[in-house]
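Quick note on labels: first sequence line is chain A, next is B, and so on, each numbered from 1.
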Protein chains: 2
Amino acid sequence: MEEKEIHTEEKILNAAREVFIEKGMAGARMQEIADKAGINKSLLHYYFRSKEKLFSFIFSKLIGKIGSRIGELMEESVSIEEKLKGFVDMYIDLLLNNPYLPNFIFNEITRNPDGLLQNFHSANINPREYMEPLQKQLSKEGYTILPHDFIINILSMVIFPVAARPIIERLVFEGNKDEYKQYILSRKESIVKYVMGAMEVYKQK
Amino acid sequence: MEEKEIHTEEKILNAAREVFIEKGMAGARMQEIADKAGINKSLLHYYFRSKEKLFSFIFSKLIGKIGSRIGELMEESVSIEEKLKGFVDMYIDLLLNNPYLPNFIFNEITRNPDGLLQNFHSANINPREYMEPLQKQLSKEGYTILPHDFIINILSMVIFPVAARPIIERLVFEGNKDEYKQYILSRKESIVKYVMGAMEVYKQK
DNA sequence: TTTTACATTAACCATTTGGTTAAAACAAAC
DNA sequence: GTTTGTTTTAACCAAATGGTTAATGTAAAA
C-alpha cells in the first residue's frame with residue numbers, strides 16, 4: 001500500500017516531467033500525462049490537486065537538481081580553467097540527457113520569472129553569493145573580465161546549441177543525430193579553449 | 001473600403017504578432033488577439049481562416065525579415081571582423097526591440113522544426129550557401145575555426161542574454177531595466193572583442 | 001468476518017476555446 | 001432609392017480541457 005502509493009506517485013512525476021518539459025505548461029495536457037503514466041486522469045488530481053500544483057512541484061525539483069550542482073563546483077578550490085572545465089563538462093552532459101530543458105526553462109523565464117527566482121531561493125541557490133568569490137578569483141588570476149560577463153558567455157555557448165538542436169542538427173549535420181551529439185560533446189573541449197583564448201584579451205600584465 | 005480592409009488586416013496582424021510572440025502558439029488565445037486589435041473575434045476568421053493559418057502567416061513574415069538581413073551582411077566584401085561587428089550590431093538592435101523573439105523561435109524550433117526550415121526556404125534563406133564562402137574567408141584571413149562553430153558561438157552570445165532577460169535583469173541588475181539595456185548594448189563591443197580574442201587561438205602561423 | 005481507510009476509476013460538469021452562421025451595417029454601383 | 005457586394009458583429013456550436021463526485025476495489029485493522 002505504502003509502496004504502491006510511492007510507485008504511482010513516481011509514475012505520475014516521471015510522466016508529468018516528460019510532458020511538461022516537452023510541451024511546456026500551456027501545451028501540456030493532463031490527459032496526456034495520465035496516459036503516459038498509465039493511470040486514470042482523476043488520480044492526477046488525487047495526488048496533486050491541480051495542473052498548476054503538479055507543474056510547480058516538478059519545476060522546483062528540477063531547479064533544485066540543476067542548482068545544487070553549481071554550488072558544489074563553485075566551492076572547489078581549483079583554478080578558473082579547472083572550474084570552467086568542470087562546469088562545461090557537467091552542463092553539457094546534463095543537457096544532452098535533457099534536450100528539452102533549455103526551452104522549458106526559457107518558457108518559464110518569460111511566463112513567471114519571479115516564481116523561478118522563488119524556486120531558486122527555496123532550493124537554496126543564491127547566484128549572487130557566487131559572484132564575489134568568482135570576482136576575487138578572476139582578478140587574482142589576472143583576468144579583468146566582469147564575473148557576470150564571464151558566466152553569461154559560458155552559459156550562452158553551452159545552452160544555445162542545445163536549445164537550437166533541431167535546426168543545427170538538420171542544417172549543419174543533415175539530420176544525422178549522432179553527428180550532432182558528437183559535435184556537442186566536442187564542445188566540452190572547444191568551449192574551454194575558446195573561452196580561455198578570449199580571456200587572454202582581458203588579462204592584465 | 002479597400003483602405004479600411006488594409007487597416008483592419010494590419011490591426012489584426014500587429015495584435016496577433018504581439019500575442020503569439022509573447023505567449024507562443026499554444027498559449028495564445030484568439031479572443032485576446034481580437035481584443036487587442038479592437039475587433040470581433042469572427043473577423044479573425046474572416047481574414048485568416050484558422051489560428052494555425054494566422055500563426056503561419058505571421059511566423060513566415062518574421063522569418064523573412066530576420067533572414068534577409070543576414071543575406072545582405074554576408075555578401076558585403078569586408079573583413080571577418082567587420083562582418084562580425086555588423087552582425088552583432090544588427091542583431092542586438094533587433095533583439096532589444098523584440099525581446100520575446102528568441103523564446104518564440106525556440107518554441108517553434110521544438111514544436112515544428114521542419115515548418116521552420118520550410119519557412120527559411122520560402123524566404124529564400126539558405127544558410128548552407130553562406131557556409132562555403134565564410135569558410136574560405138576565414139581560412140584566407142588565417143583562422144582555422146570551423147565556420148559553424150564560428151557562427152554558433154556568436155549566435156549563442158547574442159541571443160542567450162536576451163532570451164534569459166528577466167532573470168539576468170533581476171539577478172545581475174536588481175531589476176533595473178535601463179541598466180540591463182545598457183549592458184546588452186555594451187555587448188555590441190565586448191562580444192566582438194571576446195570573439196576576436198578567442199579566434200587568436202585558432203590562428204595558424 | 002466485518003470495519004476502516006486509502007487507492008483507483010467511470011461518469012459527469014463547467015468553462016474555455018477555436019470555429020461557424022446568419023443577420024446587420026455599410027459603402028459603392030445602378 | 002434600390003440593388004449588390006463586402007465588412008462586421010452577435011449568437012451559437014462542438015470539442016477539448018481542467019476538475020469533481022460518487023461508486024468500486026483493496027488491503028490492513030479490529
Side-chain angles (χ1 to χ4, degrees), chain A residues 1-62 100 104 107-108 110-112 115, chain B residues 1-62 100 104 107-108 110-112 115:
Chain A
M1 191 162 124
E2 185 67 3
E3 289 226 0
K4 223 172 195 177
E5 190 186 322
I6 287 171
H7 191 222
T8 35
E9 194 169 324
E10 203 104 305
K11 277 198 296 181
I12 291 176
L13 286 176
N14 286 335
R17 180 166 32 81
E18 280 182 43
V19 176
F20 276 132
I21 287 184
E22 195 174 329
K23 307 268 174 87
M25 167 67 181
R29 298 288 161 249
M30 292 298 265
Q31 189 61 59
E32 190 183 347
I33 295 174
D35 291 348
K36 190 162 250 172
I39 53 144
N40 188 287
K41 182 165 67 96
S42 307
L43 257 197
L44 293 186
H45 292 93
Y46 179 74
Y47 281 91
F48 305 86
R49 288 233 279 269
S50 67
K51 186 185 183 185
E52 188 66 46
K53 289 245 171 62
L54 178 56
F55 181 83
S56 296
F57 192 89
I58 284 172
F59 189 70
S60 51
K61 244 183 50 173
L62 219 61
Y100 292 106
F104 177 69
N107 273 338
E108 212 43 23
T110 28
R111 201 183 72 102
N112 183 15
Chain B
M1 191 161 124
E2 186 67 6
E3 289 225 1
K4 223 172 195 178
E5 191 186 321
I6 288 171
H7 191 219
T8 36
E9 195 169 323
E10 203 104 304
K11 277 198 295 179
I12 291 177
L13 287 176
N14 285 335
R17 180 166 31 81
E18 280 182 42
V19 175
F20 276 133
I21 287 185
E22 195 174 327
K23 309 270 175 85
M25 166 68 180
R29 297 288 162 250
M30 292 299 265
Q31 189 60 59
E32 190 183 346
I33 295 174
D35 290 347
K36 190 162 250 171
I39 53 145
N40 188 288
K41 182 167 67 98
S42 306
L43 256 197
L44 293 185
H45 292 93
Y46 178 75
Y47 281 92
F48 305 87
R49 288 233 280 269
S50 68
K51 187 185 182 184
E52 189 66 45
K53 288 244 171 63
L54 177 56
F55 181 83
S56 296
F57 192 90
I58 284 172
F59 189 70
S60 50
K61 244 183 51 172
L62 219 61
Y100 292 105
F104 176 70
N107 273 337
E108 213 41 27
T110 27
R111 201 183 72 103
N112 182 16

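With respect to the salt-bridge test (charged N to carboxylate O, under 4.0 angstrom), the residues B:Lys11 and B:Glu18 do not qualify.
Residue A:Ser42 has its side chain nearest to C:dA11 when only C:dA11, C:dA7, D:dT9 are considered. Here C:dT8 is the nucleotide among C:dA10, D:dT9, C:dT8 with the atom lying nearest to any side-chain atom of A:Leu43. With C:dA7, C:dG18, D:dG18 as the choices, the nucleotide that has an atom nearest any side-chain atom of A:Tyr47 turns out to be C:dA7.
In this structure, CE of A:Met30 is placed 20 Å from P of C:dC13, rounded to the nearest angstrom. Rounded to whole Å, atom P of D:dT9 lies 10 Å from atom CG of B:Leu44. As a whole-Å value, the separation of A:Asn40 CG from D:dG25 C1' is 13 Å. The distance between atom CG of A:Asp35 and atom C1' of D:dT17, rounded to the nearest whole Å, is 13 Å. Per the geometry, NZ belonging to A:Lys51 stands 12 Å off C1' belonging to D:dA16, to the nearest Å. Taking atom CD1 of A:Ile33 as the reference point, atom P of D:dT17 lies 12 Å away to the nearest angstrom. Counting to the nearest Å, the C1' atom of C:dA11 and the CD atom of A:Gln31 are 13 Å from each other. The CD atom of B:Glu10 sits 16 Å away from the P atom of D:dT7 (whole-angstrom rounding).
In this model, the phosphate group of D:dG18 is approached by a side-chain N or O of A:Arg29 to a distance below 4.0 Å at OP1 or OP2. An OP1 or OP2 oxygen of C:dG19 is reached within less than 4.0 angstrom by no side-chain nitrogen or oxygen of B:Arg49. Of the side-chain N and O atoms in B:Thr8, one or more sit less than 4.0 angstrom from OP1 or OP2 of D:dT8. A sub-4.0 Å separation between OP1 or OP2 of D:dT6 and a side-chain N or O of B:Tyr46 is absent.
At a cut-off of 3.5 angstrom, the base of C:dG19 holds at least one donor-acceptor pair with the side chain of B:Lys41.
Sequence order on DNA chain D of the closest nucleotides to B:Ile39 and A:Glu52 puts B:Ile39 first from the 5' end.
No side-chain donor-acceptor contact under 3.5 Å links A:Thr110 and B:Tyr100.
Residue-level contact check: A:Ala28 touches the backbone only, with heavy atoms under 4.0 Å from sugar-phosphate atoms and none from bases.
Residues A:Phe55 and A:Phe48 keep their aromatic ring centres 6.0 Å or farther apart. The ring of B:Phe20 has its center no closer than 6.0 angstrom to the ring center of B:Phe59.
No donor-acceptor pair closer than 3.5 Å links the side chain of B:Lys53 to the backbone N or O of B:His45.
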